[in-house]
Amino acid sequence: SIKNSVHGSDSVASAEREIHFFFPSAILRPMSAGEGEAYLNKFVIPVLTQGLAEAIRRKPADPFTFLADFLDANNPNVAYIEPPGPLRQTDPDELSPDRV
């Protein structure tokens with residue numbers, strides 16, 4: 001029978017070699033102590049804080065779905081395109097060459 005097991009590498013170099021053996025497509029890159037925190041503070045925390053504040057204000061029955069929807073609707077990395085307004089009729093005089 002197969003059982004779960006835990007493995008601990010004896011060094012960072014061994015761990016990298018073993019990870020690449022078991023997960024060949026894994027990309028290992030060391031992260032500095034403040035790199036993750038700086039990234040989160042710049043890109044995630046501002047909109048997450050707004051979403052959490054809005055959840056507290058509204059107190060939705062399902063706060064997780066509310067927060068997911070809020071983050072999706074307020075994603076600063078997605079371009080917002082204004083929906084087109086009503087069509088207006090063009091005055092034929094606006095199209096005359098004299099107006100150009």
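Residue numbers run from 1 in the order of the sequence given. All of these numbers come straight from a predicted model, not from anything done at the bench. Atoms considered below: every heavy atom in the structure, side chains included; atoms not considered: hydrogens, waters and symmetry mates.
- In this structure, the side chain of Lys42 does not engage the main chain of Tyr39 through any donor-acceptor pair within 3.5 Å.
- Sorted by first then second residue, the salt bridge (Lys or Arg N to Asp or Glu O under 4.0 Å) pairs that include residues 66-81, not counting sequence neighbours, number zero.
- Residues meeting the salt bridge (Lys or Arg N to Asp or Glu O under 4.0 Å) test with Arg17, sequence neighbours left out: none.
- Once rounded to the nearest 0.5 Å, the distance linking CD of Glu16 with CD1 of Ile19 reads 7.5 Å.
- Smallest separation of non-hydrogen atoms from Leu67 and Gly51: CD1-C, 3.7 Å.
- Applying the side-chain hydrogen bond (donor to acceptor under 3.5 Å, both in side chains) criterion to Glu18, with sequence neighbours excluded, gives His7, Ser9.
- In terms of hydrophobic clustering, with Ile, Leu, Val, Met, Phe, Trp and Tyr side chains grouped at heavy-atom distances under 4.5 Å, Phe66 and Phe64 are assigned to different clusters.
- Of all heavy-atom pairs spanning Ala55 and Pro60, the tightest one is O-CD, 3.3 Å.
- When side chains are defined from C-beta on, Leu52 does not count as touching Phe70, because their heavy atoms never get closer than 4.5 Å.
- Annotation for Glu35: atom CD counts as buried by contact number, over 12 foreign heavy atoms lying within 6.0 Å.
- Remark: side-chain polar atoms of Thr49 are paired, donor with acceptor, to backbone N or O of Ile45 under 3.5 angstrom.
- Scanning both residues, Asn77 and Asn75, for their nearest heavy atoms gives N-OD1, 2.8 Å.
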